Number of protein chains: 2
Amino acid sequence: MKARSHQQDEQHLTEQLGATGLRLTPQRQQVYDVLLHKRDHPTAEEVFIRAKKTMPEISHATVYNCLDALVKSGLARQVTLDRGATRFCPNMHEHGHFHCDTCGTVFDVDLPAQTMPLPKGFQAEHFDIAIHGTCPDCASRK
Amino acid sequence: MKARSHQQDEQHLTEQLGATGLRLTPQRQQVYDVLLHKRDHPTAEEVFIRAKKTMPEISHATVYNCLDALVKSGLARQVTLDRGATRFCPNMHEHGHFHCDTCGTVFDVDLPAQTMPLPKGFQAEHFDIAIHGTCPDCASRK
DNA sequence: GTCAAGATTTAGAACAATTCTAAATTACAA
DNA sequence: TTGTAATTTAGAATTGTTCTAAATCTTGAC
């Protein structure tokens with residue numbers, strides 16, 4: 001995976017947001033930076049806390065707004081596991097999520113290239129795969 | 001899919017709950033009946049409303065308790081899509097969920113028989129596949 | 001059968017996650 | 001500029017879920 005420069009990130013952001021009719025604002029930039037900086041699938045609340053460190057005036061509602069904007073523009077994905085808060089992930093490559101039921105960590109996992117056969121007439125937009133189990137660390141610790 | 005008789009359902013319930021150290025109670029039976037009766041992936045709230053029709057004294061907390069008991073005993077699955085309420089599904093065959101982004105309906109879809117290859121050390125318990133898109137009805141209506 | 005121990009249910013409060021509201025600010029385009 | 005629309009903000013409101021303590025029900029030991 002090639003790392004993008006900060007400037008490239010910004011251009012990418014502007015383009016992707018623009019294509020969805022949205023503007024690049026300092027808040028959206030900041031929220032996206034937070035996602036890129038630590039890719040541990042944070043919840044909206046966690047993004048809020050991290051974003052506040054460098055932008056103390058940012059509000060809760062804005063974080064939700066920004067996250068929605070990023071998702072709509074194809075810059076981030078929502079990850080919903082169980083009944084808890086939704087998590088966010090800036091990795092847009094096709095991948096699934098492995099959730100360790102012991103320690104709670106969420107891992108990105110590559111998926112076998114394949115198409116999902118659907119009954120006639122169904123048009124798939126995208127799909128999410130969530131795998132529950134035990135991660136290597138927790139498995140060996142048992 | 002073979003339909004089970006009511007009596008068989010009850011026996012199945014007792015066995016599965018018992019194996020998890022749980023009792024079969026009228027409430028759990030009722031909640032399970034609700035799930036079996038209309039397999040449209042209702043939320044806990046919807047299950048609550050439906051269960052009340054024949055058991056008016058049932059409480060909110062009990063519905064959550066019963067649904068958890070059913071999930072723990074392998075009699076139902078939780079379905080989490082997006083940020084909304086969790087849905088419940090009594091279909092325990094391996095299948096995925098297709099969510100129509102237009103009308104909101106959730107469909108069970110069969111999956112190709114296959115194993116999910118995981119990096120070394122990861123132990124999968126089970127996995128959930130959620131597909132987003134447009135259902136045949138909504139697609140033709142466009 | 002009777003009783004104690006533990007499981008379950010209940011109403012309602014509490015909590016957590018998300019959305020809404022209305023006012024203030026900002027950006028863009030004419 | 002100047003008007004229009006988008007965005008942000010604080011805080012209230014809403015929604016979904018969990019917790020609590022008391023009441024009720026089951027079950028197994030006697």
Side-chain angles (χ1 to χ4, degrees), chain A residues 10 13-34 41-52 54-73 75-76 78-88 104 106, chain B residues 10 13-34 41-52 54-73 75-76 78-88 104 106:
Chain A
E10 184 171 327
L13 251 174
T14 310
E15 278 169 14
Q16 293 286 109
L17 286 168
T20 325
L22 300 166
R23 296 178 186 158
L24 174 58
T25 64
Q27 288 84 352
R28 284 174 184 163
Q29 174 124 247
Q30 169 65 15
V31 165
Y32 191 50
D33 283 350
V34 165
H41 306 88
T43 62
E45 182 64 22
E46 286 163 344
V47 172
F48 174 61
I49 291 166
R50 294 177 196 175
K52 263 175 101 109
T54 46
M55 190 179 265
E57 348 64 56
I58 199 168
S59 84
H60 230 135
T62 300
V63 170
Y64 277 96
N65 168 349
C66 293
L67 288 169
D68 284 347
L70 295 174
V71 170
K72 279 207 198 93
S73 314
L75 288 155
Q78 272 183 285
V79 182
T80 48
L81 302 157
D82 307 318
R83 248 129 77 172
T86 300
R87 300 169 170 282
F88 294 86
V106 178
Chain B
E10 182 169 330
L13 252 175
T14 309
E15 279 170 14
Q16 294 285 108
L17 286 169
T20 325
L22 299 167
R23 296 177 186 159
L24 174 56
T25 65
Q27 288 84 351
R28 284 174 183 164
Q29 173 124 247
Q30 169 66 15
V31 165
Y32 191 50
D33 283 350
V34 165
H41 306 86
T43 62
E45 181 65 22
E46 286 164 343
V47 172
F48 174 61
I49 291 167
R50 294 177 197 174
K52 263 173 100 109
T54 47
M55 191 180 264
E57 347 65 55
I58 200 169
S59 84
H60 232 132
T62 300
V63 169
Y64 277 95
N65 167 348
C66 293
L67 288 169
D68 283 349
L70 294 174
V71 170
K72 279 209 199 92
S73 314
L75 289 154
Q78 275 183 281
V79 182
T80 47
L81 301 158
D82 305 317
R83 249 128 77 173
T86 300
R87 301 170 169 281
F88 294 86
V106 178

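Keep in mind it's a predicted model, so treat the numbers as computed, not measured.
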Gap between atoms CG and C1', on B:L24 and C:dT9 respectively (whole Å): 15 Å
With a non-hydrogen cut-off below 4.0 angstrom, is B:T86 in contact with a base, only sugar-phosphate, or nothing? sugar-phosphate
Using a heavy-atom cut-off of under 4.0 Å over every strand shown, decide if A:A85 touches base, sugar-phosphate, or nothing. sugar-phosphate
Which pair of heavy atoms, one from B:Y32 and one from B:L75, lies closest together, and at what distance? CE1-O, 3.6 Å
Kindly say if A:S59 contacts the phosphate of D:dT8, meaning a side-chain N or O under 4.0 Å from OP1 or OP2. no
May I have the distance from A:D68 (atom CG) to D:dT8 (atom P), rounded to whole angstrom? 12 Å
Taking only side-chain N and O atoms of B:Q27, does any of them lie within less than 4.0 angstrom of OP1 or OP2 on C:dT10? yes
Report yes if a side-chain nitrogen or oxygen of A:Y64 is closer than 4.0 Å to either non-bridging phosphate oxygen (OP1 or OP2) of C:dT18; otherwise report no. yes
Closest to the A:N65 side chain: C:dT18, D:dT7, D:dT9? D:dT7
Between A:L17 and A:A69, which heavy-atom pair has the shortest distance, and what is it? CD2-O, 4.1 Å
When you measure from the side-chain N and O atoms of A:R83 to the phosphate of D:dT18, is any distance below 4.0 Å, counting only OP1 and OP2? yes
Calculate the interatomic distance between A:I58 atom CD1 and C:dT26 atom P; express it in whole Å. 15 Å
What's the CD-P distance between B:Q29 and D:dC25, to the nearest Å? 17 Å
What's B:T25 touching, base or sugar-phosphate or nothing? Going by heavy atoms closer than 4.0 Å. sugar-phosphate
Residue B:A61, side-chain heavy atoms: nucleotide from D:dC19, C:dT9, D:dT18 that is nearest: D:dC19
Could you tell me the separation between the CE atom of B:M55 and the P atom of C:dT8, rounded to a whole number of Å? 15 Å
Between C:dT8, D:dT18, C:dT18, spot the one nearest the side chain of A:H60, thanks. C:dT18
Measure from CD on A:E46 to P on C:dA16 and round the result to the nearest Å. 14 Å
Which part of the nucleic acid, if any, lies within contact of B:R23, taking any heavy atom under 4.0 Å across all strands shown: a base, the sugar-phosphate backbone alone, or nothing? base
Pick base, sugar-phosphate or nothing for B:E57, based on heavy-atom distances below 4.0 Å to the nucleic acid. sugar-phosphate
In whole angstrom, what separates A:F48's CZ from D:dT9's C1'? 11 Å
